[in-house]
Structure formats: structure tokens, C-alpha cells
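To start, the structure under review is shown below, and the notes come after it.
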Amino acid sequence: MSDRITSWHSSPSKPSYTPPAGAVDAHCHVFGPMAQFPFSAKAKYLPEDAGPDKLFALRDHLGFAKNVIVQASCHGTDNSATLDAIAKSGGKARGVAVVDPAISDEELQALHDGGMRGIRFNFLKRLVDDAPKDKFLEVSRRLPAGWHVVIYFEADILEELLPFMAAIPVPLVIDHMGRPDVSQGPDGPDMKAFRALLDSRDDIYFKPTCPDRLDAGGDPWNDFAAAVAPLVADYPDRCIWGTDWPHPNMQDNIPDDGHLVDMIPRIAPTEELQRKLLIDNPERLYWAD
Ligand SMILES: O=C(O)c1cc(C(=O)O)oc(=O)c1
């Protein structure tokens, strides 16, 4: 792999919207720093360093109190960079790990002690070489108490994944709503299929995130707002929100993080919805203990 890429805004604007005190950015990542935490040999992109100092400065700039750091695919199953960032946060970050499914129970417990509260299964072919459902199911059956599974998939494989998701014995969190085509609107086939998934179990959460990835119309992402606001309104206890900083793979269409924060009141217009989305729901998943 050749040049390292920068996928984040160098000076994001200050959002107009002020998150409530205690708000959690519940989907973000760290990259490296590479000299200390090399990227995986299987990484599909090679980013510039985006370490904890930058992440915590952004957190403060945007008006958030805490982070949930999701292990990025470029670090493979070595969670050292994410654990380092959690350790440096002074209790203000928790994480989601990516593991080799053969991981031992002792190693899972060590991840718990380091602040992890879930594992991520990534089904995007452009990000990972394989996604062995049988092995994923096996490890999902022996997670530490209180953990959940985060799944990242695209809308076209939702149906195929239904039996797999139904068999997972812990709560599920779906990254970026399983990437629906938001141009179909709130009642389009992708949103209908996603609602059917949410209706199949009452412990499936979702992230109404990444307008920059999902709305080809671009900032201010009006299709995203129209398609997603009804979902948040109808499932207010099941959504958590995040910036997705440093926006892996978005180097050609880098979003302004301040504008991303300004999407929050458009998809969660009341104070009550905002409190659930930004505080109550992520606290339940990540800071229950
Ligand atoms: O769509 C993506 O490219 C993407 C990649 C990663 C990752 O590399 O972990 O995480 C995300 O949340 C989204």
C-alpha cells in the first residue's frame, strides 16, 4: 500500500447546536499513531495518524463529554491503539473491539478491564477479507457480562444476515443503520427492511450516523434528515449517535464535523429525544458498570 491518507477536516466549524451536558460521541475511531501502533498487514487503507489527542480536542470543540471508540478495520484485531486511547481518556472513553474469534476468555476479560464493552463484526468486503458467521456466533456466546455485538453491513445483505443476527445472544448495535439508500425516503424498501429488523427483537440498537457516507446529495444532507428523523422518532430508546471521526475512507468527501453535529436536532428535534440519543442510550450500553 502506498501513500497515507487524511480523511478528516483540518478545522471543523463550531456547531450551532449545543449537545446536552454529558453527551456521548458513540462512534469514532483512532488511527495509530503508526510508530507506536502499526496498522494491520491486511488493512485496506493506510491513514495518517489520528490519535487520542486529536480525538479529545475534537470532543471538546464539538461540546461532547465522552467517546465510544470503535476499533477501526485498519488496525485489524490488534486493539492496542484503541485501548491506549481509552486509557488516556481518564474515564471519558469506552470502546468496541475487533477480535480474532479464537480469542481466549482471559483475553476477553482483559479487553473488558481496558474499557471495551462490545465486539464488532464487519461484513463490508471493501474493508475485510472474510467474515466467518459460525466463528462470530461462537465468540458472541462467551462475551463478558453486559457486552453487546456491533455489526456493520450494507443494505443489500440485510436479508441474508437475518438468521445470523437472530442467533446472537446479546444486544446488537447496527452501524450506520446498515447503510440504507436514503434517497428512497423514510418509507422506501431499505428503511422498511431495517424497521422489520428492529421489530424482530427489542434489543437491537442502531446508529443514525454518517450522512456524509449515505447521502450522495452532500452537505446539508437533506435526504438523510428526511429518511432518518422518523426512525429516531419511532425507536427513541434504541439509537446512539457518533461523528465517525476520523471518517475512514472519506478522503474525497471529507465532512465538516460541526455540520455533522448540526444534523442532531434535525433527526432528534426534542430535548427528550436528544437526551436519549446522546446520553441515556449510550450510557446504558457503555457505562452500565
Ligand atoms: O465505511 C467505511 O469505510 C468505514 C470504515 C470503518 C473502519 O475502517 O473501521 O469504520 C466505519 O465506521 C466506516
Side-chain angles (χ1 to χ4, degrees), residues 1 4-9 24-32 34 37-52 55 58 67-83 85-86 93-100 116 118-131 136 148-158 172-182 190 205-216 218 221 224 228 239-255 257 260 263 282 285-286:
M1 209 175 302
R4 298 179 68 186
I5 52 180
T6 300
S7 51
W8 60 95
H9 202 289
V24 183
D25 175 352
H27 184 96
C28 51
H29 315 275
V30 287
F31 298 153
M34 187 169 83
F37 305 111
F39 298 107
S40 162
K42 295 180 183 166
K44 305 294 184 221
Y45 57 93
L46 187 60
E48 287 291 346
D49 292 342
L55 176 64
L58 180 81
N67 296 107
V68 177
I69 307 174
V70 177
Q71 166 84 349
S73 65
C74 57
H75 278 296
T77 56
D78 180 347
N79 293 280
S80 309
T82 303
L83 288 167
I86 295 169
R94 288 225 154 139
V96 174
V98 174
V99 302
D100 178 335
M116 299 293 190
I119 54 172
R120 186 186 205 200
F121 300 148
N122 190 335
F123 286 91
L124 266 68
K125 292 196 173 64
R126 68 178 166 80
L127 296 174
V128 290
D129 293 330
D130 56 337
F136 284 170
H148 59 273
V149 160
V150 175
I151 307 189
Y152 190 23
F153 61 83
E154 288 177 312
D156 62 346
I157 64 161
L158 191 163
L172 299 177
V173 178
I174 312 297
D175 274 346
H176 320 320
M177 301 166 291
R179 300 188 60 111
D181 178 351
V182 295
D190 284 2
Y205 291 74
F206 63 97
K207 298 176 186 168
T209 41
C210 291
D212 49 313
R213 294 187 191 279
L214 301 181
D215 189 341
W221 309 299
F224 180 94
V228 172
C239 45
I240 62 176
W241 188 89
T243 54
D244 185 44
W245 188 91
H247 313 290
N249 296 303
M250 291 301 286
Q251 58 276 7
D252 295 329
N253 201 2
I254 295 174
D257 300 279
L260 290 173
M263 177 58 72
L285 284 169
Y286 293 97

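Treat the numbers as computed from the prediction; the structure is a model and nothing was measured. As a basis for the values below, the full set of heavy atoms in this structure was taken, side chains included, without hydrogen atoms, waters or symmetry mates. Atoms within a ligand are numbered from 1 in the order they appear, just like the ligands themselves.
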Classify the ring geometry of His29 against Phe31: parallel below 30°, tilted from 30° to 60°, perpendicular beyond 60°.
parallel
For Asp25 and Thr243, which I'm curious about, is there any donor-acceptor pair between the side chains at under 3.5 Å?
yes
Identify, chain by chain and in numerical order, each protein residue with a heavy atom under 4.0 Å from an atom of ligand 1.
His27, His29, Tyr45, Ala72, Ser73, Arg120, Arg126, Leu127, Tyr152, His176, Arg179, Arg213, Asp244, Pro248, Asn249
What one should report as the nearest heavy-atom pair of Arg126 and Arg179 is NH2-NH1, 3.4 Å
Side chain to side chain, His9 and Pro255, heavy atoms closer than 4.5 Å:
no
Should the ring pair Phe121 and Phe136 be called parallel, tilted or perpendicular, given that the plane angle runs from 0 to 90° and is split at 30 and 60?
parallel
Does a side chain donor of either Thr6 or Glu48 reach within less than 3.5 Å of an acceptor in the other side chain?
no
